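Written out below as structure tokens is the structure these notes cover.
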There are 2 protein chains.
Amino acid sequence: MSCGQNQGMTTSPADKPVGLRERKKARTRAAIQDHALRLFTEQGYAATTVEQIAEAAEVSQSTFFRYFPTKEDTVLYDRLDPVLIEHFVNQPADVGPIAAIKAAVHAVFRGLSAEEAELEAVRQRLVISVPDLRAKLFEQFTEGMRMLHDAILRRLGRERDDFAVRMWTGALTGVILAAYVTSIEEGGDFLEYIDRGLTQFERGLPL
Amino acid sequence: MSCGQNQGMTTSPADKPVGLRERKKARTRAAIQDHALRLFTEQGYAATTVEQIAEAAEVSQSTFFRYFPTKEDTVLYDRLDPVLIEHFVNQPADVGPIAAIKAAVHAVFRGLSAEEAELEAVRQRLVISVPDLRAKLFEQFTEGMRMLHDAILRRLGRERDDFAVRMWTGALTGVILAAYVTSIEEGGDFLEYIDRGLTQFERGLPL
DNA sequence: ACGAAAAATGGTAGCTACTATCAAAAGGTA
DNA sequence: TACCTTTTGATAGTAGCTACCATTTTTCGT
């Protein structure tokens with residue numbers, strides 16, 4: 001529940017009205033986030049005030065907080081998680097869970113436009129350098145994992161309290177998070193790290 | 001770095017002076033935390049102000065923030081992590097890493113006094129019910145895991161950038177976190193869940 | 001096309017977590 | 001006792017965030 005909206009993505013085909021109102025809202029949201037990220041990289045996260053962001057985006061502070069419940073959410077608002085889950089559940093049933101995750105991650109990240117990819121890179125840089133943002137990232141990660149947990153339970157036809165699935169999903173969360181952090185710290189392609197990590201996971205995480 | 005102190009624990013034997021000053025400080029710290037947790041459970045976390053806590057503990061707000069850098073830290077200040085690490089590294093070298101973790105966790109949690117255990121229980125209840133606290137808990141968890149990662153690298157004699165170890169530690173983090181959350185949600189003995197989780201992990205997390 | 005309903009915006013006021021600074025008090029030491 | 005160090009409290013200020021209300025803007029029914 002990091003942010004209660006599901007706005008227009010390039011994936012699911014048109015189940016939402018696209019009147020003038022919606023377009024304006026999307027533009028305002030994008031403007032706020034763009035200026036926020038720009039100011040954060042220019043002068044630092046803490047040194048940038050919400051007032052400055054609102055002014056740059058030409059909206060009032062009231063409006064700012066209507067679009068982003070917290071200052072942190074301008075960085076961490078993640079439109080990718082629900083899309084990932086959707087891709088995951090749409091994988092054919094005979095595909096194993098790890099392979100399904102790989103496919104979903106690839107589908108989503110390969111489908112990113114140049115601007116979206118750049119935005120993602122900026123976000124990642126900010127997230128690792130600001131402790132407050134890291135904390136929220138982890139929460140968001142585990143929130144996404146909770147969704148994935150549900151999807152896996154359904155996929156495997158298990159009960160909610162299945163302990164083995166809980167541990168399995170927990171470990172999977174940890175692997176993905178570790179791969180994510182590694183890719184940011186070491187630099188390089190995120191997808192490659194994810195693939196290597198998931199492959200390790202499939203093999204029982206040999207040391 | 002959730003909190004920069006290492007105050008007196010029941011473990012390492014006396015390498016610090018115990019003048020009147022130190023005793024007063026310990027009493028003040030305990031008073032603040034006790035009143036904070038009491039007020040949180042009585043009237044809710046958000047509804048309790050730092051002013052109220054300071055007043056109840058009979059200190060000024062200035063003093064409050066000297067002892068706890070943030071309001072969250074009254075709940076999340078974790079003295080257990082460093083102790084856990086210490087127990088872990090002190091395990092004999094021929095013990096496998098999982099067994100060493102099990103031993104360390106048991107040693108620490110079995111050694112808790114009744115009050116400490118009760119405090120821990122209150123903390124756990126608060127942590128799962130308040131989103132802000134959950135976020136910080138995750139950060140603290142991964143911070144502890146980073147320390148564990150270093151310890152494991154040394155134990156195995158691996159290089160820092162060893163990818164297999166990174167993934168392994170990440171998965172281990174996820175399993176412990178999952179066991180932790182499960183024990184709080186389902187109720188029951190934390191140690192039992194940890195043992196079951198770690199055993200699953202050793203077996204390659206079968207589904 | 002017009003008017004009403006609904007939604008988005010801006011402005012103001014206010015609360016609270018947190019910081020910075022400095023003088024006063026308490027504790028330690030010779 | 002006298003001196004030095006540490007701890008405390010008071011004050012003032014910043015910034016994130018909320019609540020509330022009046023105004024504007026978009027949508028929709030007729």
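All figures in this text were calculated on a predicted structure; none of them were measured in a lab. Hydrogens, waters and symmetry mates play no part in the numbers below; they use all other heavy atoms, side chains included. Lettering follows sequence order; numbering is per chain, from 1.
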Checklist entry - Atom CZ of B/R66 to atom C1' of C/dA20: distance rounded to whole Å? => result 11 Å
Checklist outcome for this item: Quick note, A/S62 side chain, CB onward, closest among C/dT9, C/dC18, C/dG11 is C/dG11
Checklist entry - In whole Å, what is the span from the CD atom of B/Q61 to the P atom of C/dT21? => result 19 Å
Checklist entry - On DNA chain C, nearest-nucleotide positions of B/R21 versus B/V50: which is more 5'? => result B/V50
Checklist entry - Where along residues 30-44 of chain A does a heavy atom come under 4.0 Å from DNA chain D, residue by residue in number order? => result none
Next on the checklist: Does either side chain, that of A/H149 or that of A/R146, offer a donor lying less than 3.5 Å from an acceptor on the other one?
Outcome noted: no
Next on the checklist: Assess whether a salt bridge exists between A/E120 and A/R123, defined as any Lys/Arg side-chain N lying under 4.0 Å from an Asp/Glu carboxylate O.
Outcome noted: yes
Next on the checklist: Distance check needed: C/dG11 P versus A/E51 CD, whole Å only.
Outcome noted: 12 Å
Item to check | Rounded interatomic separation in angstrom, taking CZ from A/R29 and C1' from C/dA8 | outcome: 14 Å
Checklist entry - Between A/F40 and A/R125, is there a cation-pi geometry (under 6.0 Å to ring centre, at most 45° from the normal)? => result no
Next on the checklist: I want to verify a distance call: between D/dT8, C/dA8, D/dG16, whose nearest atom is closest to the B/T28 side chain?
Outcome noted: D/dT8
Checklist outcome for this item: By nearest-nucleotide position on DNA chain C, the 5'-leaning member of B/K71 and A/S60 is A/S60
Checklist entry - Residues two or more places apart in sequence or in another chain: which of them pass side-chain hydrogen bond (donor to acceptor under 3.5 Å, both in side chains) with A/T199? => result A/K102
Checklist entry - Nearest-Å distance, CZ (B/F68) to P (C/dT16)? => result 21 Å
Next on the checklist: When you measure from the centre of the six-membered ring of A/F68, is the NZ or CZ of A/R29 closer than 6.0 Å and no more than 45° off the axis?
Outcome noted: yes
Checklist entry - To the nearest angstrom, how far is A/Q52 atom CD from D/dG16 atom P? => result 9 Å
Next on the checklist: Can you tell me which nucleotide in D/dG16, C/dG10, C/dC18 comes closest to the side chain of A/T63?
Outcome noted: C/dG10
Next on the checklist: Measuring from the side chain of B/T49 (C-beta onward, heavy atoms only), which nucleotide among C/dA26, D/dT25, C/dT16 has the closest atom?
Outcome noted: C/dT16
Next on the checklist: Using whole Å, what does the distance between atom P of nucleotide D/dA10 and atom CZ of B/F64 come to?
Outcome noted: 16 Å
Next on the checklist: I need the CD-P distance between A/E72 and D/dC17, as an integer number of Å.
Outcome noted: 7 Å
Checklist entry - So which of B/L137, B/I128, B/V175 actually passes side-chain contact (heavy atoms from CB on, under 4.5 Å) with B/Y180? => result B/L137
